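Here is the structure we will look at.
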Amino acid sequence: MPPFSGSMSHRKVKNQCLLVLWIYLSAAKCGSHSLEFLSTGRVQPGSGPHFEQVTESDGVVISHCDSGTQQEHFKPVLESHNLPGTCRPACYDVFDALKEISKFINHTRNVQRRRGCITSDERLESAFDNWAVNGEGFIQFDAGAQKWKALSPSAEMIKELWNGYETRNHFFGQFINEECPEMIHHIKLREAEKRTDLRVFANPVDRTKALLKCHVTSTDKSVRSVSVTEDGAPKANWITVTGPLPSGDGSVILILTAEVPLIHTNIYGCVVQTEDRTITVMWGSHSLEFLSTGRVQPGSGPHFEQVTEFDGVVISHCDSGTQQEHFKPVLESHNLPGTCRQACYDVFDALKEISQFINHTRNVQRRRGCITSDERLESAFDNWAVNGEGFIQFDAGAQKWKALSPSAEMIKDSWNGYEARNHFFGQFINEECPEMIHQIKLREVEKRTDLRVFANPVDRTRALLKCHVTSTDKSVRSVSLTEDGAPKANWITVTGPLPSGDGSVILILTAEVPLIHTNIYGCVVQTEDRTITVMWAHMGILRNERAERHNSEERKVMMDGLRKLGMVDVDELGREFRKQELDEALVDFIVKDSQPFTVVSDPGFRALVAKLDPTCTLPSRQTVKAMVERRDVEEKEKAKAALQNVDSVSLSADMWTSINMDAYLAVTCHAIHAGSHSLEFLSTGRVQPGSRPHFEQVTEFDGVVISHCDSGTQQEHFKPVLESHNLPGTCRPACYDVFDALKEISKFINHTRNVQRRRGCITSDERLESAFDNWAVNGEGFIQFDAGAQKWKALSPSAEMIKDSWNGYEARNHLFGQFIRRYCLEMIHQIKLREIEKRTDLRVFANPVNRTRALLKCHVTSTDKSVRSVSLTEDGAPKANWITVTGPLPSGDGSVILILTAEVPLIHTNIYGCVVQTEDRNITVMWGENFTFTCCCMIVIES
């Protein structure tokens with residue numbers, strides 16, 4: 001029977017019946033997705049090894065597992081999935097590898113494994129299983145051939161061994177080729193609650209202008225930009241916007257920086273447009289936040305820490321040890337409480353209570369405080385998280401709790417019953433917090449600006465130039481490229497100013513410049529009272545007078561040091577140095593002016609020298625000849641050594657005949673020398689309750705980590721990236737220096753938990769540009785060494801007594817100065833890095849904002865110096881609404897990162913993706929199609 005025919009036959013319907021059914025059908029093809037399992041195995045002295053694994057889907061953490069329970073703890077963001085409930089097999093794999101690799105590499109402290117897959121339109125794009133040892137690439141799995149490839153010389157024996165495990169390799173390949181794409185197909189993430197936080201700060205630069213900063217954090221996909229609002233005020237002088245940048249918790253970050261005039265009628269602020277509302281915050285706002293953490297420590301009681309921030313600057317720290325607030329020197333006046341005892345008790349009670357409902361509770365975090373604008377309360381908040389995930393939130397108006405996770409429902413009901421406590425919580429953030437903001441005044445920080453320039457050749461015709469600026473000077477707002485008679489750069493990108501936690505700002509300029517022998521490039525930073533310029537390189541062989549100045553400086557430093565040490569033979573040694581200087585000047589005179597060796601016997605020349613320096617004894621002509629020949633050999637060796645570090649040379653020839661009819665052929669070699677280089681030794685000494693202090697040191701060359709050392713073995717563990725060097729094989733002296741400082745500073749500052757030391761040097765064209773030896777205590781600048789005067793300068797009021805004490809150690813100061821001015825320079829000259837394998841990884845993600853548009857993100861990580869940009873490809877599709885590109889940004893392992901973010905229309909014919917151009921190929925990854933369509937069906941029924 002046809003539909004409806006039987007049921008209509010017995011009805012009396014006089015009018016024609018019309019039934020219209022609207023059926024909305026939607027279909028969406030999946031774009032690019034990734035699933036990664038990030039595992040770490042660590043050796044813990046005195047106990048068994050420890051394992052941890054984090055699982056990420058499209059860059060969002062969805063699960064965590066460790067060797068304690070070996071059970072996966074899935075995050076609330078997961079709505080549905082078919083992931084395994086245990087990490088036991090992965091744990092055993094990592095422990096076996098840790099044990100096996102330790103047989104070949106004695107100093108193995110940890111191994112890391114990154115495995116997973118990337119799909120596009122539900123097809124497998126790539127599968128990977130990569131291992132690292134102590135943070136360095138070690139071995140890589142070829143999923144197709146099911147064979148291992150060594151990424152380091154020390155991995156060759158492991159490669160041969162692992163390639164023999166055919167059955168295991170088959171399972172590894174099956175997991176990333178088949179099981180991983182199947183898991184991606186079943187993963188569905190829960191829509192996160194839309195939250196947008198806009199904070200506005202401003203600092204006067206001088207009497208006429210101020211620096212305005214707007215910081216946006218949002219989980220709302222419709223948030224794509226932030227703008228300045230100027231209520232009848234003059235326009236901003238300049239504006240820069242960074243972002244949207246993705247963060248690990250699924251939110252995006254945008255930072256706007258602008259320079260605005262300081263006129264009493266000006267009212268400036270920032271505006272963020274979401275899908276359903278407009279958020280505006282004006283300049284006069286301030287924020288005060290109390291960030292607390294409670295951690296469960298196996299084998300001991302829980303631990304509490306709290307950091308207090310005012311307008312994003314850390315102003316105090318407190319922990320469960322003393323429960324006393326340790327205020328930072330940046331605070332000039334305040335009415336903050338002197339103890340964190342009550343906050344500590346609140347966190348410990350919450351940790352105990354939440355643990356009854358969530359067995360794997362390791363830590364709880366609390367963020368409470370307020371934001372005011374023009375001394376009026378704008379917002380008050382008290383939010384809690386468990387194991388890094390949003391858990392429960394306090395409504396300051398209703399004084400009720402709201403669950404942010406299903407597991408928080410029972411806690412919500414319990415806490416809503418504590419009416420008296422909730423009243424006090426509300427009173428603190430609604431009344432006491434604004435009062436504290438009103439009383440807080442920050443001290444002006446010392447203006448310091450540090451500009452460093454690095455460059456790496458991309459090929460024979462161009463180089464990548466990077467300028468890194470760190471400044472506490474509010475007038476520093478930009479960094480620019482200077483081109484002294486050189487062709488223009490191919491392209492330039494500037495990132496920043498970006499705020500950092502210590503009150504300074506960071507700017508990074510990256511440019512691609514031509515490699516031509518007449519080029520001189522550098523960077524310029526303009527402050528309120530001076531211009532800072534650092535050049536990259538000069539061309540050609542170093543001239544003798546430059547080397548002379550360097551040698552004279554070294555000798556002067558050595559003489560001053562010996563005199564301070566009170567050595568009895570200083571005068572005799574000084575005369576010897578003086579004679580060497582005069583002999584070198586004599587050789588230069590003969591070579592430059594083409595003088596005969598017999599000039600030293602001419603009466604007039606001898607009389608001139610005697611008048612200039614009666615103590616000078618001229619050598620004989622035979623001795624002068626030997627000195628010139630020796631200088632000739634030295635200069636040849638210097639030229640050979642300089643040419644060892646260049647990629648290419650240019651030769652020119654010249655021929656002539658002397659008056660004696662002797663034929664000559666001269667060949668000149670032009671080469672581009674290494675430009676600016678830096679060598680830094682970054683040391684940390686920490687006090688560990690119940691045990692001895694611990695020391696660690698990382699050595700960096702041009703921003704790349706080349707060695708690591710700690711107080712366990714006190715032996716340097718050099719990274720595979722080092723090809724040749726003359727670095728010391730032990731960090732024992734540095735370890736003793738830090739332990740002595742830790743002990744001495746603790747006498748004056750009771751709450752000293754750690755000290756940090758940064759020492760080293762920067763060279764340009766093989767000359768010393770700067771030498772530094774700076775110390776910090778608990779993360780704050782403490783004391784600084786003046787390498788020229790060999791004296792210490794206090795950076796904090798609490799360092800004054802230490803300064804007086806350390807300035808009395810003249811012999812030690814002499815050695816410190818010698819290390820950073822002489823030995824550091826020699827080490828830089830001998831360091832050569834190995835060429836790293838060129839790898840470029842391009843990943844594309846997209847999230848719909850609404851039914852008409854989506855947010856597309858392209859993330860590039862590359863060790864290829866030729867990678868300089870990422871672009872959007874639109875295969876017959878409408879143009880993107882807007883595009884932002886961040887980078888290239890350097891990372892610690894020698895790679896660079898680029899991030900492209902674009903808003904694209906959602907139309908069924910659209911196919912969007914990203915393209916990266918390397919030296920020898922184009923890498924393109926498409927997102928996929930997204931479309932919706934509506935079908936209207938009309939059914940007419942007649943009686």
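Predicted, not measured: the structure shown is a model, and the values here were computed from it. Residue numbers run from 1 in the order of the sequence given.
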Sub-4.5 Å side-chain heavy-atom contact between Phe74 and Ile62: no
Indicate yes or no: at least one non-hydrogen side-chain atom of His677 is less than 4.5 angstrom from one of Phe701. yes
Between Glu52 and His64, is there a side-chain donor-acceptor contact under 3.5 Å, judged purely by atom types and distance? yes
Return yes when the gap between the SG atoms of Cys87 and Cys65 is under 2.5 Å; return no otherwise. yes
State, yes or no, whether a side-chain contact exists between Phe37 and Met183 at a heavy-atom distance under 4.5 Å. yes
Please list every donor-acceptor pair under 3.5 Å in which a side-chain atom of residues 140-153 meets a protein atom from a residue at least two apart or in another chain.
| from | atom 1 | to | atom 2 | distance (Å) |
| --- | --- | --- | --- | --- |
| Asp142 | OD1 | Gly144 | N | 3.0 |
| Asp142 | OD1 | Ala145 | N | 3.3 |
| Trp148 | NE1 | Asn169 | OD1 | 3.0 |
| Lys149 | NZ | Glu837 | OE2 | 3.1 |
| Ser152 | OG | Ser154 | N | 3.4 |
| Ser152 | OG | Ser154 | OG | 3.0 |

Restricting to pairs with a member in residues 151-160, which pass salt bridge (Lys or Arg N to Asp or Glu O under 4.0 Å), not counting sequence neighbours? Glu156-Lys159
Kindly indicate whether a cation-pi arrangement holds for Arg114 with Phe128, taking the cut-offs as under 6.0 Å to the six-membered ring centre and within 45° of the axis. yes
Would Arg843 and Glu36 count as a salt bridge (Lys or Arg N to Asp or Glu O under 4.0 Å) here? Give the steps. CA-CA 13 Å; Arg843 296 165 62 188; Glu36 297 185 25; 2.8 Å; yes
Any salt bridge between Arg113 and Asp93, counting N to O under 4.0 Å? yes
Should Thr840 and Ser862 be marked as a side chain to side chain donor-acceptor pair (under 3.5 Å) after you check the CA-CA gap, both sets of side-chain angles, and the distance that decides it? CA-CA 4 Å; Thr840 301; Ser862 180; 2.8 Å; yes
Do we see a donor-acceptor contact under 3.5 Å between the side chains of Thr119 and Glu125? no
Are the aromatic rings of Phe845 and His859 close, with centres under 6.0 Å apart? no
From Ile899 CD1 over to Thr242 OG1, what is the distance, rounded to the nearest 0.5 angstrom? 11.0 Å
Pairs where residues 162-178 contributes a residue and the test salt bridge (Lys or Arg N to Asp or Glu O under 4.0 Å) is met, not counting sequence neighbours: none
Do Cys523 and Thr482 make a side-chain contact, defined as non-hydrogen atoms from C-beta onward lying under 4.5 Å apart? no
